[in-house]
There are 4 protein chains.
Amino acid sequence: MKALVLERKGELSLRDIDLSLEVGPDDVKIAIHTVGICGSDIHYYTHGRIGPYVVDAPMVLGHEAAGTIVEVGSHVVGLKIGDRVCMEPGVPNLASRASKLGLYNVDPAVRFWATPPVHGVLTPYAVHPASFTFKLPDNVSFAEGAMIEPFAIGIQAATRARIAPGDVGAVIGAGPIGIMVALAARAAGCSRVFISDLSQEKLTIAGRYQGIIPVHVPTHALDAVVARETAGWGADAVFEASGSPQAFDNIFDVVRPGGALVLVGLPVSPVRLDIPAAIAKEVRIETVFRYANVFDRAIDLIASGKVDLNPLLTNTFAFKDSIRAFELAASGLPSIVKVQITLPDEPH
Amino acid sequence: MKALVLERKGELSLRDIDLSLEVGPDDVKIAIHTVGICGSDIHYYTHGRIGPYVVDAPMVLGHEAAGTIVEVGSHVVGLKIGDRVCMEPGVPNLASRASKLGLYNVDPAVRFWATPPVHGVLTPYAVHPASFTFKLPDNVSFAEGAMIEPFAIGIQAATRARIAPGDVGAVIGAGPIGIMVALAARAAGCSRVFISDLSQEKLTIAGRYQGIIPVHVPTHALDAVVARETAGWGADAVFEASGSPQAFDNIFDVVRPGGALVLVGLPVSPVRLDIPAAIAKEVRIETVFRYANVFDRAIDLIASGKVDLNPLLTNTFAFKDSIRAFELAASGLPSIVKVQITLPDEPH
Amino acid sequence: MKALVLERKGELSLRDIDLSLEVGPDDVKIAIHTVGICGSDIHYYTHGRIGPYVVDAPMVLGHEAAGTIVEVGSHVVGLKIGDRVCMEPGVPNLASRASKLGLYNVDPAVRFWATPPVHGVLTPYAVHPASFTFKLPDNVSFAEGAMIEPFAIGIQAATRARIAPGDVGAVIGAGPIGIMVALAARAAGCSRVFISDLSQEKLTIAGRYQGIIPVHVPTHALDAVVARETAGWGADAVFEASGSPQAFDNIFDVVRPGGALVLVGLPVSPVRLDIPAAIAKEVRIETVFRYANVFDRAIDLIASGKVDLNPLLTNTFAFKDSIRAFELAASGLPSIVKVQITLPDEPH
Amino acid sequence: MKALVLERKGELSLRDIDLSLEVGPDDVKIAIHTVGICGSDIHYYTHGRIGPYVVDAPMVLGHEAAGTIVEVGSHVVGLKIGDRVCMEPGVPNLASRASKLGLYNVDPAVRFWATPPVHGVLTPYAVHPASFTFKLPDNVSFAEGAMIEPFAIGIQAATRARIAPGDVGAVIGAGPIGIMVALAARAAGCSRVFISDLSQEKLTIAGRYQGIIPVHVPTHALDAVVARETAGWGADAVFEASGSPQAFDNIFDVVRPGGALVLVGLPVSPVRLDIPAAIAKEVRIETVFRYANVFDRAIDLIASGKVDLNPLLTNTFAFKDSIRAFELAASGLPSIVKVQITLPDEPH
């Protein structure tokens, strides 16, 4: 089967590769329609690794995917051939201690698409457990379906924050994940969400949404803006989505007494945290690792019209142009938010 | 000072009455601009009591109020003459055990406007603690300001429900409080909120809001609609806002396993609760008594454009026509949601 | 294989019965050593049904069990032949929506020992999933191991209550479950737990524990005692463990403002709940259905010496005397708390 | 009035000083009986400052106090002359936003005994708001009453951790606060609490308590011990109570997936936090600043016999020997846990 293969750091090829497509009794087989490119796909391409996960054998990329069911296992209920679906890319051991607690995202046994040594799904067909495959309502497109995965990270962050209705949010970093977090925070109850970045271009995209207020860091300090807009009180929930170590300087000045700081971005180098400042305000710090139990709720937010992800889709490529799609996505141009690849229409 | 006085059950008069207007060091004096009529005002008018609270002396009505500050006490900071404000009508003993816990709404010492023996504010001036008086942003009208109080009940209910983003909500009863609860539940993260009532007219008003889905009980059972729309799973949060004992029949059939039932309405007669049904799903039942720490967040939801209460304001009267306003509000016509009274313009 | 079989309502026999003992790759096979008799076992014996669960075919009784592993499936890790274990008797579909949320106890697909049509384990051998089988430390006896199951209900109740350290608890009903709940509430942080009952004999057993304070209802009203001992404030967490509809009269007088009522007992007839009283104090009502993710923590509380269940074991019978054991347990004598049956020693 | 005065860094004197003893309507006047020496008292003595709080004028030390009421204000209810009491040393503005939320400990307006510029209470009399003064039951001694304050920090930490019954805890640092935290964690539901330190002598004191397990860091790594004792899972709640930057190395190896890290100690220098390690386990990090709403519950834990603080009281001095008491406390000898000073008996 043809697939977009990361041969090694910096080398992609669109070529045939052997992939198992055996459909177990609890599985479905999906004809992949759309796959988004995630920052982690790009990072494996450009760096060959993410922390302990090293690409030491050819690996198919892609884990933000939507498609159509073409086969169902013998035990599957609730899904049928022809259903349009999106897929949760990480599959845990459901009998593990973490999974039984409802925290299957932190089960050490999780197998996650396009995370070595597990192949991704930039390929015409994939087999996946039915319980991690979610039907898309008619009014949710494949493009939206393939953005559920990054949006799910935003929802997980907003859930961990325990937002109360009317809270003020602040997001550091207006990349794709930062914007997803801001949208999720607003959907989760925030009245206003401030979002900061160095790039005016990214902020312009974020600022098109009602209730999301851009803060251009070279011109205005986030803590000063939030203090001014909240009568000196601070934001109820602050989300770090930049991964920049500099973002942690004075970060607790943005948070209100008793508020929350939610860590979403992976810092690229060690971070000095001002613990006395956190303690003086008794700040709660939450961390976000992927998501659990979020896909169905994320789809419902899209289907109900509460959140519109379409403005974030900036570029779409055909499968045969996958390598070009990756090169563009890796360019880091600020006008690019989400790049997607659509697969040949024949099998669908 | 002239005021709308409930002389006794069924008898209102607009007349002069002696009211203390002494401004303490932590108080502000407000020229009242707009006062909404609440179900409790009507109930005191028509029944002369609510549970243990009996009108046994003339009492000024009205507790949903907005106005303009005309005097500030010597210790007040953060508010000044000319500020447009709305007021939280219940003032607790801040040194009580409940208040120190952040639960000042259940402090037995609370003094609440228009709850015997405490006068309300359907009168040109009122004095109130600054810490229970909230500045209105320029883009929030007095009419909206006077609807913050009932909306705060909705916010309290949505907060108690602990809604996760994308949850499905269901509200029983489409009166003013039911609609406020539905709006708050959606603002707090629900993707969709089903709302049920016997009156098609009330449901039409509620159904004008995106994401709020009317269920006409004589035609469709709420549990059946919710089951159909959630693949048999149930609603994550169900709000009882009708006070009707019949609403409790099969109420747990509407809730998902592990979901929440939030009790907002005061049943007019004893209620049989199907405890085995609640236990079988391990439902959490929350109750709502007014609100605490909600006004600032409610105002922010209005000011940020996330919630629009204006469609709920169906009738406005001049102060001199207050009695007529109450007669209309007490008529129970389904086309009436919120009735407000505006005071003479001179002092403002 | 010989087993204690409930042939039909009121008729027990100790006889051979065909039971599957096939060990799947994720299962273990256990030589049963000790089985406790639960109120539900007795209820099936005396009434032939519990709510919708009807005994319409012969069923082996018993679900409070401990034993020794004699065989392990090919995929099992963490357990080995010879391990002394106790078993969680309900096995859900781990891929269900409820299970993925960590709420596997409310998964409608749960199969629970000795709940029709699923056989129990009053028989020499049982096969069970390894992930619902828990190793007993050396200092935890089989008798204690077989009491983990009812104690787990207490732990689930204490967990749902969200006890803060130093809280005051109150338990209505001093049967085996009531005492287990009281012990769990104290272990979970309560400084003092009041426990009420009509039977002085039961209260004497409960009152032997430090920090558990008996309240003899015919002499003292629970609400009055709690009010006196908490300066009129009330108990932080009240647990209903009697199932008596009378217990609900004035039950909210026992709870503090903003406190919790936890429903453990299944009322035998419909219950009138004073919802206005609950609302006036904004009481949170939690319900408890069996337990999830509790066995490991319950075992640790026993092994660490924090909770001693041994005083609750009042009667032990040999397997051959199982029917006599049930007759005694069903007698309802107040001096009987927990009755256990031990199986022939040969195979162990 | 005579008092122990910190004249400046390193210089103590026991001398007369003018202190206001005016009793307002909501205040009580207390004859001080016992005052414990806290690490912060010592730090002001040895360093002249703690972070932004600088001793730039003579200041009376001491904030862990118990005594007897000798006068009550006109509005006080619930306390009377002769009552034995302990006092919560921080008094907030109860009308502030933080206080109304129940988070009065993080109200920026808090005035806290022996924190510049507020005097402490190592002096025969003090005046304090009745709502921050707590009656001691007859079976709680003055010495125990004066240890409620440091124990309250432990309770706050255990509350923030949201311990479930049977959780495994781990505390880094076996100083007075570390031991208080360990005792609170066990009282709050932990089955076992591991506590680590460099000093074997301190660990010996901690290890005398049932369920508290010493880990001598030079011999055994805490993460290795916890992993071994929890089958590789980790501790549910880890408390950092040493303030040592080294403690943060590998700290997330001690925590289970989805567990909590609670920061109690103030690091003396900047700390590098391994955020990717926290994120990979989705660890929740809580911070503790003093306490709120804890004193009554802390007293109840002592009075009910659940926690015994007496073994921690290692040294008692007379008021006239206060300076000697401070010198001993400042010596840092590992055999010293809590040093207290008792005042002359005449006025009591």
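In the text below, chain A, chain B and the rest are named by the order of the sequence lines, each starting its count at 1. Fair warning: this is a prediction, and the values are worked out from it, not measured in the lab.
In terms of the ring-ring contact (aromatic ring centres under 6.0 Å, His included) criterion, residue partners of Tyr104(A) (sequence neighbours excluded) are, by chain and number, Phe132(A).
Of the inter-residue distances, the one linking Ser304(A) atom OG with Ile212(B) atom CD1 reads 11.5 Å to the nearest 0.5 angstrom.
Under the side chain to side chain contact (heavy atoms under 4.5 Å, CB included) test applied with Pro165(A), the options Ile163(B), Ile155(B), Val307(B) reduce to a single match, Ile155(B).
The side-chain hydrogen bond (donor to acceptor under 3.5 Å, both in side chains) pairs that include a residue from residues 150-168 of chain B are Gln156(B)-Glu282(C), Arg160(B)-Glu282(C), Arg162(B)-Glu286(B), where partners are two or more places apart or lie in different chains.
The neighbour count for Asp138(B) CG, taken as heavy atoms of other residues, nucleotides or ligands under 6.0 Å away, does not exceed 12.
Near-neighbour residues of residues 291-301 of chain A relative to chain B, defined by a heavy atom under 4.5 Å from a heavy atom of that chain, comprise Arg297(A), Asp300(A), Leu301(A). Contacts between residues 184-192 of chain B and chain A, defined by a heavy-atom separation under 4.5 Å, are made by Arg186(B), Ala187(B), Ala188(B), Gly189(B), Cys190(B), Ser191(B), Arg192(B).
Ranked by heavy-atom pairs shorter than 4.5 Å toward chain A, the options Ala303(B), Ala231(B), Ala158(B), Ala164(B) are led by Ala164(B).
Contact annotation for Val168(B): only side-chain heavy atoms (C-beta onward) come within less than 4.5 Å of a heavy atom of chain A.
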